[in-house]
2 protein chains.
Amino acid sequence: MMETYLLKALKELALLGALDNWIEISSNEFAERIKSSQQTASRYLIQLGRNGLIERRMGLKKQMIKITSEGKELLQKEYDQYKEIFEMKDRLIFRGIVVSGMGEGKYYTSKEGYIRQFEEKLGFKPYPGTLNVKIDEIEINKLRQLKNYKGLTLNGFTAENRTFGSVKCFPARINNKKIKCAVVLPERGHYSNIIEIVSPHYLREKFKLRDGDKIDLTIEIR
Amino acid sequence: MMETYLLKALKELALLGALDNWIEISSNEFAERIKSSQQTASRYLIQLGRNGLIERRMGLKKQMIKITSEGKELLQKEYDQYKEIFEMKDRLIFRGIVVSGMGEGKYYTSKEGYIRQFEEKLGFKPYPGTLNVKIDEIEINKLRQLKNYKGLTLNGFTAENRTFGSVKCFPARINNKKIKCAVVLPERGHYSNIIEIVSPHYLREKFKLRDGDKIDLTIEIR
DNA sequence: ATTACTAAGAACCGAGTAG
DNA sequence: TCTACTCGGTTCTTAGTAA
C-alpha cells in the first residue's frame with residue numbers, strides 16, 4: 001500500500017528532475033523542500049527505496065537518487081487520473097462488472113423498429129442481445145449525469161398492439177478498445193445500476209468476458 | 001496546510017464527478033472507495049468541508065457533495081505539477097531570487113565579440129548588464145542537467161590581449177511572461193548557483209524587481 | 001438505514017544523538 | 001558535515017455506539 005505522503009515525496013523528487021536523471025540531494029535539502037524535519041525526509045527516502053520507487057546511491061556526503069520505473073508508473077497513474085478529471089469533458093468512465101441480463105436486451109436488438117434506427121443513427125446492425133454491465137454503486141451519480149446528456153435518440157414506436165419507448169444511445173468503448181459499441185438507456189424509466197451495451201459483435205466472445213469480470217466503460221457524451 | 005490524505009480524498013471525489021455536479025454519496029460508500037473505515041471517510045468529509053474545499057448538504061440518508069472553486073484550484077495546481085513532470089520535456093523551470101551581480105555580466109553584454117553574436121543568434125542587442133538569479137540550492141541538480149543541453153553557442157574570441165571563452169545561451173522566460181530574454185552560461189567553468197540573464201530590456205525595471213524578489217525562470221532547452 | 005462522537009490503539013513526527 | 005537510529009509526544013485511525 002502506498003501512503004499518500006510518500007506519493008507527495010515522490011512527486012517532489014520528480015519535480016527536482018529525478019525521473020530521468022540521478023540527482024544529488026541531502027536529506028536536509030529534501031526536508032526543506034517538503035517542509036519537514038531532516039529525520040522525516042530521511043525516513044521518506046528510506047521508505048521510497050524499500051518500496052522500490054526510487055534507487056539510492058549513498059555517497060560520503062549527500063546521496064544520489066533516481067526514480068525507478070515502478071516509481072514512474074505510479075506517478076503516471078496519478079497523472080492519468082488528473083487528466084481524467086480535467087480533460088475528459090467529452091466522456092464518462094465507469095467501472096463495473098459483467099452480469100447476465102434477464103433477456104430485456106433482446107427487446108432493443110430484435111425489434112425491427114429499433115434495429116432500423118440503430119443502422120441509421122449508429123451505423124451498425126446490432127448483434128441480438130446486449131452485454132449487461134453492473135456499475136459500481138458509487139458511480140450511480142455519474143450515471144445520473146449521463147442521463148442529462150442528449151446522445152442519439154431512437155424513437156419509440158407501436159407494434160404488436162403495444163408501445164416500445166424511446167431510448168437514448170451513446171457511443172462507447174470497452175476497456176478502451178476500438179470495437180464498435182454503444183450503451184442504450186431507456187428515455188424514461190427507473191434508475192438502474194445496469195448498463196446495456198449493443199454492438200455489431202458478440203461482445204462476450206470478442207472480449208472473452210464471463211459473469212463477474214471487471215470492465216472499464218468509456219462513454220462518449222457528445 | 002493541506003494534509004496529503006485530504007488531497008487524495010478530494011481527488012477521489014473529483015473522479016466521482018463532484019467537480020461540476022452535486023453527487024450523492026454516503027460515508028460508507030466513500031469509505032469503500034478510498035479503502036478506509038466509515039469513520040475515517042466521515043472525518044475526511046468533515047475536514048474537507050471545514051477547509052472550504054467541498055460544499056456539503058446533508059440529507060436524511062447520504063449527503064450531497066460538490067467541490068468548491070478553492071477545491072478545484074487545489075486540484076488544478078496538483079495537475080499542473082504533473083504536467084510539469086511529464087510534459088515539459090522541452091523546458092526546465094527554476095525558482096530563485098534576484099541578487100546583485102558583481103559586474104561580470106557586463107562582460108557578455110559589452111564586449112563587441114559577444115554582442116554581435118547575440119544579435120545574430122538570439123536576434124536582439126543586449127541591454128548592458130545581466131540580471132542575476134540565485135537558484136535554490138536544491139535545484140542545482142537541474143542546473144547540471146541544463147549544462148548537458150546544446151543550446152546556442154556564442155564562440156569565444158581574443159581581444160585586448162586576452163581570451164574570452166565560449167558561452168551557451170538558452171531562450172528563457174521570467175515569471176512566464178513573454179519578454180525576450182535568455183540565460184547565459186560559460187561553456188567551461190565552475191558550477192555556480194547564479195544564473196545570468198540577458199535581454200534587450202532592463203529587466204529590473206521591466207519586472208519591477210529588487211534584490212531578494214522571488215522569480216520563476218523557464219528555460220527552453222531546444 | 002445514516003452521520004459522527006469518544007476513546008484507545010496504531011502510526012507518524014522530530015529532537016537528540018551515534019556512527 | 002552526512003544518514004538514520006531511538007523514543008517520547010502528537011496525530012491519525014477505527015471499533016463501539018449515540019442520535
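Naming: A, B, ... by sequence-line order, numbering from 1 per chain.
Between the side chains of A:Thr68 and A:Glu55, no donor N or O sits under 3.5 Å from an acceptor N or O. Between the side chains of B:Ser166 and B:Asn155, no donor-acceptor pair is found at a separation under 3.5 Å. Of the N and O atoms on the side chains of B:Thr4 and A:Thr4, at least one donor lies less than 3.5 Å from an acceptor on the other residue. B:Glu196 and B:Thr130 share a side-chain donor-acceptor pair at under 3.5 Å.
A heavy atom lying under 4.0 Å from DNA chain C marks none of the residues of residues 22-33 of chain A.
When rounded to the nearest whole Å, the span between CD1 of B:Ile46 and C1' of D:dT11 equals 16 Å. Between the CG atom of A:Leu45 and the P atom of D:dC5 there is a distance of 12 Å, given to the nearest Å. Nucleotide D:dT3 holds its P atom 13 Å from the CE atom of A:Met64, rounded to whole Å. One atom, CE of B:Met2, and another, P of D:dT11, lie 17 Å apart when rounded to the nearest Å. We find that CE of A:Met58 is positioned 9 Å from C1' of D:dA4, with the value rounded to whole Å.
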side-chain contact (heavy atoms from CB on, under 4.5 Å) evaluation trace for A:Glu139 with A:Arg95: CA-CA 8 Å; A:Glu139 296 198 317; A:Arg95 279 98 192 171; 4.0 Å; yes
- prompt: Can you list the steps and then say if B:Leu13 with B:Leu45 is a side-chain contact (heavy atoms from CB on, under 4.5 Å)?
  reply: CA-CA 10 Å; B:Leu13 289 170; B:Leu45 293 174; 4.0 Å; yes
task: Kindly determine whether B:Asp213 and B:Lys208 satisfy salt bridge (Lys or Arg N to Asp or Glu O under 4.0 Å), including the steps that lead there.
output: CA-CA 9 Å; B:Asp213 286 355; B:Lys208 306 258 180 289; over 6 Å; no
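In terms of the side chain to side chain donor-acceptor pair (under 3.5 Å) criterion, residue partners of A:Arg144 (sequence neighbours excluded) are, by chain and number, B:Glu24.
An end-to-end axis angle of 30° holds for the helix from C:dT2-D:dA19 to C:dG19-D:dC2, taken from five base pairs per end and rounded to 10°.
A parallel orientation is assigned to the rings of A:Tyr127 and A:Tyr202, their planes being inclined by less than 30° (bins at 30° and 60°).
Counting only residues at least two apart or in different chains, ring-ring contact (aromatic ring centres under 6.0 Å, His included) contacts with residues 49-96 of chain A comprise A:Tyr79-B:Phe86, A:Tyr82-B:Tyr82, A:Phe86-B:Tyr79.
Both B:Gln47 and A:Gln63 lie close to DNA chain D; mapped to their nearest nucleotides by heavy-atom distance, the more 5′-ward contact belongs to A:Gln63.
A salt bridge is defined here as a Lys NZ or Arg NE, NH1 or NH2 lying under 4.0 Å from an Asp or Glu carboxylate O, and B:Asp20 with A:Lys89 meets this definition.
In this structure, A:Gln145 CD and B:Ile23 CD1 are separated by 9.0 Å, a value rounded to the nearest 0.5 Å. Atom CD1 of A:Ile135 sits about 6.5 Å away from atom CG of A:Leu143, to the nearest 0.5 Å.
Read 5' to 3', the first and last nucleotides of DNA chain C with an atom closer than 4.0 Å to a heavy atom of chain A are C:dC12 to C:dG16.
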- line: Its contact letters, B for base, S for sugar-phosphate only and - for none at protein heavy atoms under 4.0 Å, make nucleotides 13-19 of chain D read BBBB---
